[in-house]
Structure formats: C-alpha cells, structure tokens
Amino acid sequence: MSEITYVRGDATAPQGKGVKLIAHVCNDLGGWGKGFVLAVSRRWPEPEAAYRRWHRERAGNEFGLGAVQFVQVGRYLWVANMVGQRGIRTGSKGVPVRYEAMDTALEAVAERVVELGASVHMPRIGCGLAGGKWSRTEPLIQHRLLSRGIAVTVYDYEQSAGR
C-alpha cells in the first residue's frame with residue numbers, strides 16, 4: 001500500500017500531472033463561509049454555487065452526512081464537496097466532524113477517482129474548523145484510498161503559499 005505524500009502548499013493549486021480531484025469537508029447546514037472553502041471560492045465560483053444549490057434542493061436529492069458532490073472546475077480538475085461535518089460549532093455532542101460520514105464520503109471519492117484515473121489532493125480534512133484529529137482521519141484515507149492504489153497528497157498550508 002502506498003503512503004500519503006505530505007507537502008507544504010495550497011491544496012487549491014494541486015501538484016503533479018494528470019487528472020486531479022481536490023477533496024474537502026463541508027457541513028450539513030448549507031453554510032460556506034469559513035476555512036478551506038474560502039480558498040476554493042477564490043479560485044472557482046462553481047463549487048460554492050453547486051453546494052448551495054445542492055443544499056437548497058436537498059428535499060429532492062441525497063444531500064446529507066456522507067454524501068459527496070463532484071464539481072468539475074477545469075479540464076483535468078475536480079472538486080469533491082464531502083458532507084462530513086454536523087453543524088459548525090462544538091457543543092454538547094462534541095466537535096462538528098463526523099468520522100463515519102467522512103468514511104462514507106471517501107468511499108464515494110475512491111469510486112469516482114478510479115473512474116477518472118485521478119489522484120486525490122486535500123488539506124487535512126476534518127481537522128480545521130470541524131475540530132477533528134488527524135490521527136483519526138488518516139486511517140480512513142489509508143483504508144478508502146491508499147488501499148486501492150490511489151495517490152493522495154495532503155497539503156499543509158503556509159501563509160507564504162499565497163492564499
């Protein structure tokens with residue numbers, strides 16, 4: 001099984017050749033306004049518009065924890081809006097991240113990535129505003145993506161990286 005490649009940089013500017021899919025975690029409230037999504041929106045308007053429409057029309061679609069929406073933003077570039085966060089605040093039920101939902105979403109990402117022949121690029125999903133721990137997230141990535149031979153690059157953002 002391959003390993004995750006860790007790099008310093010901006011996950012919205014993925015490195016390497018070929019088809020790339022940028023995976024990130026969204027909440028189940030339809031909110032898009034803090035964290036990594038701001039960097040996504042600065043580069044492309046489509047993922048935010050698609051996510052907001054998906055949430056608005058949720059009565060007639062699969063929007064909810066564990067669901068994934070794939071948005072093409074370039075000829076060889078996709079963004080995966082993964083719903084892996086319950087709400088936006090830490091409260092009586094703990095932090096917003098939902099590992100089971102991220103696991104389900106990563107399985108859908110794996111299937112799409114295999115179809116596309118793509119590599120996966122991401123920040124440390126679920127570990128920013130969602131309040132998760134990388135020690136719980138990394139095994140999900142290993143199980144769902146690396147075990148299938150999918151190349152994964154995780155980006156640790158630095159201010160000098162240009163966001």
Side-chain angles (χ1 to χ4, degrees), residues 9-15 18-91 93-134 136-138 140-141 144-145 150 152-157 161-163:
D10 184 349
T12 66
Q15 302 172 7
V19 179
K20 297 175 206 64
L21 184 139
I22 300 168
H24 71 105
V25 169
C26 302
N27 63 64
D28 65 348
L29 295 178
W32 182 291
K34 289 188 175 179
F36 182 72
V37 298
L38 295 178
V40 170
S41 290
R42 277 195 286 275
R43 288 218 191 252
W44 314 282
E46 299 92 347
E48 178 181 358
Y51 170 79
R52 290 186 184 280
R53 184 171 50 255
W54 189 33
H55 177 263
R56 195 171 48 250
E57 298 169 0
R58 66 192 177 279
N61 64 40
E62 76 291 346
F63 183 92
L65 286 171
V68 185
Q69 179 186 52
F70 299 96
V71 182
Q72 191 167 11
V73 295
R75 186 168 176 195
Y76 301 108
L77 188 60
W78 294 76
V79 172
N81 293 332
M82 303 188 307
V83 184
Q85 184 179 326
R86 164 86 64 205
I88 56 173
R89 290 188 174 41
T90 297
K93 298 199 187 311
V95 295
V97 70
R98 293 295 178 264
Y99 296 106
E100 319 77 47
M102 280 200 321
D103 187 48
T104 299
L106 285 168
E107 177 62 22
V109 165
E111 290 172 15
R112 179 57 70 92
V113 164
V114 168
E115 289 171 13
L116 294 170
S119 55
V120 175
H121 303 261
M122 64 178 69
R124 290 187 187 239
I125 58 172
C127 296
L129 297 173
K133 297 187 180 329
W134 189 246
R136 299 250 341 248
T137 302
E138 189 180 42
L140 302 177
I141 294 165
R144 295 295 181 189
L145 303 174
I150 296 167
V152 176
T153 303
V154 171
Y155 295 76
D156 287 314
Y157 180 72
R163 193 179 305 160

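Everything numeric in this text was worked out from a predicted model, so none of it was measured. Only heavy atoms go into these numbers, but all of them, side chains included; no hydrogens, no water, no symmetry mates.
Put simply, the side chain of R42 reaches to within 4.5 Å of the side chain of L38, judged on heavy atoms. Residues T153 and Q15 are not in side-chain contact: their nearest non-hydrogen atoms beyond the backbone lie 4.5 Å or more apart. Between R144 and V109 the shortest side-chain heavy-atom distance does not fall below 4.5 Å. Inter-residue side-chain proximity for F36 and I125 is flagged as unmet; no heavy-atom pair is nearer than 4.5 Å. By the 4.5 Å heavy-atom criterion applied to side chains, V73 and P47 are counted as neighbours. Between I150 and V114 the shortest side-chain heavy-atom distance falls below 4.5 Å.
In this structure, W54 CH2 and Q69 CD are separated by 5.0 Å, a value rounded to the nearest 0.5 Å. Going from atom CD of E115 over to atom CG of L21 covers 11.0 Å, rounded to the nearest 0.5 Å. We find the OG1-OH distance between T12 and Y157 to be 8.5 Å, quoted to the nearest 0.5 Å. Here the CD atom belonging to E107 is positioned 8.5 Å from the CG atom belonging to L145, to the nearest 0.5 angstrom. Expressed to the nearest 0.5 Å, how far CE of M122 lies from CD1 of I22 amounts to 11.0 Å.
Listed here is the closest heavy atom pair of V37 and K34: CG2-O, 3.3 Å. Among all heavy-atom pairs drawn from G87 and L29, the shortest one is CA-CD1, 3.6 Å. Residues A11 and P123 share a closest heavy-atom pair of CB-N, 3.8 Å. Nearest heavy atom pair, residue Y99 against residue G132, reads OH-CA, 3.2 Å. Of all non-hydrogen atoms in C26 and Y51, the two that sit nearest each other are CB-CE1, 3.6 Å. Taking each heavy atom of A67 and A105 in turn, the nearest pair found is O-CB, 4.4 Å.
Open room surrounds CZ on R136; 12 or fewer heavy atoms of other groups in view lie less than 6.0 Å from it.
For R98, there are no salt bridge (charged side-chain N to carboxylate O under 4.0 Å, His left out) partners, not counting sequence neighbours.
Proximity of a side-chain donor or acceptor of N81 to a complementary backbone N or O of V71 within less than 3.5 Å is not detected. Between the side chain of N27 and the main chain of R86, no donor-acceptor pair closer than 3.5 Å is present. Counting only distance, with no hydrogens or angles, the side chain of R112 and the backbone of A118 share no donor-acceptor pair below 3.5 Å. Distance alone, capped at 3.5 Å, is enough to place a donor-acceptor pair between the Q72 side chain and the R75 backbone.
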I'd like to know whether D156 forms a side chain to side chain contact (heavy atoms under 4.5 Å, CB included) with R124, so could you lay out the CA-CA distance, the side-chain angles of the two residues, the decisive distance to 0.1 Å, and finally the verdict. CA-CA 7 Å; D156 287 314; R124 290 187 187 239; 2.7 Å; yes
Verdict with supporting geometry, R43 and D10, salt bridge (charged side-chain N to carboxylate O under 4.0 Å, His left out): CA-CA 11 Å; R43 288 218 191 252; D10 184 349; 3.3 Å; yes
Using side chain to side chain contact (heavy atoms under 4.5 Å, CB included), reason through V154 and W134 one step at a time and then give a plain yes or no. CA-CA 11 Å; V154 171; W134 189 246; 3.9 Å; yes
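Taking the six-membered ring where the residue is Trp, W32 and H24 present perpendicular rings, their angle passing 60° and hence far from 30°. Between H55 and F63, the two ring planes are perpendicular [angle over 60°; tilted spans 30° to 60°].
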